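Reminder, nothing fancy here: chain letters follow the sequence lines and each chain counts from 1. Not measured: the values here are computed from a predicted model.
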Amino acid sequence: MALGMQLIPRIARRLSRLTLVLLCVALVSFGLMMASPVDPVDAYLGPQMAQVSPEQRALIAERWGFDAPPAVQFGHWLRQLVSGDLGWSHVYNQPVSEVIGQRFQRSIMLLGSAWLLAALLGFSLGVAAGAKEGSTLDNLISTYAYITASTPAFWLAIVAVLLFSVTLGWAPTCCAGPTGVLNQDVTLASRLHHLLLPVITLALLGIANITLHTRARMLELMRSEVATHAFAQGASRFDIAWRHGLRHASLPAITLAFASLGELFGGSILIEQVFAYPGLGQATVAAGLRSDIPLLLGIALFTALFVSVGNMIADSLYSAIDPRMTSGGL
Amino acid sequence: MLTINRLSLQLPLYVSWWKREWATCLNEFSLTFCSGEVHGVVGASGAGKSLLAYAIMGLLPTAARLNGQLAYQGKPLDEARQRQLRGRELALIPQSLNALDPLARTKRQVAWAAQRAGQSSRHALQSAQRALDHYQLDARAQQAYAHELSGGMARRVLTAMAHVSQARLVIADEPTVGLDPLQRQRVLDALRGLADQGKTVILITHDLRHALPIADRVTIMRDGQQVETASARAFHGSGASLASAYARALWLALPDNGFLSHAVSQAQPTEQEITVA
């Protein structure tokens, strides 16, 4: 009962903090857009820019509300947001919420599978490497992790396309499905085939990070008095890794996995660009390059929400696993 | 039961990153422990008491240089046999309370110890329950995490973990540190109880007073060497029946014997605590 009483204010506090974070994100992104040298009307017109008279340009600007001072524009956007309207994307000529919805559906497949792969594989590799410091397995895994951790995502993606798509022809070079086929006609197998390479490339980076942190925690444990005591009880290395190691190493792994959602999002922007995968990342680039303020603000807000929720989950999971966090121990 | 014959132990000491010297931590140490006895091993910090325990258990760092023989029940106790007997025949109650896993509940950890001694998982939970009951840890303490236990409770949990293994040789490394007199007495009584069941208990402590009430024999250690092994009864009066000056000095330095601490410093030559070989 007492727990429930504590829970409600805690949730309320979290939510109000989240609202504040989102507001700040919106304000900063809006400020950045205002400072951007790309003129939204020019970007919209593209090559036809020269054929449009200044009067027509002013008309377009007025129609989209670009003539008003920034503060008024922001206030206008905020009012709309409160009523549930994210605005109109002039790049895709669709409501922003629809663009985000469609794009996110594709991105979440990419992000979700890459994230899951990175978390599970990274954790297992980290535990295996950290169980015996300096073993052949440890050396192999660490070397691999250090190399991938210092490899730029986009470079890896380009090499992957070059090798697996162009040279070997194992994977498609672009898009979420075969070209010329309607979205609803694409088979599941084909979808997965198109996802394969981007997912692996995106996951590789996350794996390295989680592996290294999990390994470090495992080494710490294997040198600790807990491990010595377990050895004294006749436990094998595997026993210690299984009974003690999994618990101890899951703490940094979980925190890192959820906290790295932001990085994953950033990585997906580059990866989607290289693989021409029509997800949220690609929409972000398009919105930025063509000054689609409502879309960019919408995506920024959505991403911030996504990452904040991830951090919140990490926080609560951490206290669920480590008893010292809940009962006011350490 | 356990015979130690001329055991020498050296650990590397890096004077600088290229220069390594060997610190002698045990020097030609010989001793026999018998079944059913509590054998107190007493010495100052750095005398090599804990390393002796680790040498018996086979838990020394890989860099250690070990010479001499160990024999358990008449057969040589080498590395392979140590690995086989650890947790089944040989048990260690560690000095540090940090040896408890902070992320697992008390009862579960004790059950792990039982499983490692070869019990099935169901049987292990039952014997964990029994052992914890035996050491007067209630249901709440059994479901608690290490940080929720008091020092005395944690100490008893560690003792229970050695208890469930049903080992015949139990080494207790400084089990009385940080305990109030009542808690201390409980822990010492528990150890005496193990010996009365016919087990061998090696009680490592820096405080002679804690060893004497329950020990049958006491070995005094200094600088990795055995100074004297005497019956606990030899420690009485002016200590006239003790052979070595150092043992007598330790005895006379106790508060009950008038704090004759100058005797200790006289008996202790000015040489370094660790002899560098």
Please find the pair of heavy atoms, one from [X] and one from [Y], that lie closest to each other, and give the distance.
X: A:Pro323; Y: B:Pro102; value: CG-O, 3.5 Å
X: B:Arg86; Y: A:Phe231; value: NE-O, 3.0 Å
X: A:Ala230; Y: B:Arg116; value: CB-NH1, 3.7 Å

Proximity breakdown for [X] and chain A, heavy-atom pairs closer than 4.5 Å:
X: B:Ser165; value: neither
X: B:Arg108; value: side chain
X: B:Gln115; value: side chain
X: B:Leu90; value: backbone

Q | Non-hydrogen side-chain atoms of B:Arg83 and A:Ser236 separated by less than 4.5 Å | A | no
Q. For B:Gln197, does the CD atom sit with more than 12 other heavy atoms under 6.0 Å from it, leaving out its own atoms?
A. yes
Q) Above 12 or not: heavy atoms from other molecules or residues under 6.0 Å from NE2 of B:His210? A) yes
Q: Any chance you could measure A:Asp239, atom CG, to B:Trp112, atom CH2, to the nearest 0.5 Å?
A: 8.5 Å
Q: Tell me, for A:Leu251 versus chain B, whether the close heavy atoms (under 4.5 Å) come from the side chain, the backbone, both or neither.
A: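 A:Leu251 touches chain B through side-chain heavy atoms alone.
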Q: Check each atom of A:Ala227 against the heavy atoms of chain B and say whether the ones under 4.5 Å are side chain, backbone, both or neither.
A: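 Answer is neither: A:Ala227 stays 4.5 Å or more from chain B.
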Q | Closest-packed option against chain A by number of heavy-atom pairs under 4.5 Å, given B:Leu100, B:Asn98, B:Leu92 | A | B:Asn98
Q: Just give me the residue among A:Gln233, A:His244, A:Glu225 that pairs up with chain B most often, heavy atom to heavy atom, under 4.5 Å.
A: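 Sorted descending by pairs with chain B, the first entry is A:Gln233.
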Q: Pick whichever of A:Ala232, A:Gly234, A:Ser224, A:Ala235 has the most heavy-atom pairs under 4.5 Å with chain B.
A: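 With the most close heavy-atom pairs to chain B, the winner is A:Ala232.
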(Q) Regarding A:His229 and B:Asp101, do their side chains bring together a donor and an acceptor under 3.5 Å, going by distance alone? (A) no
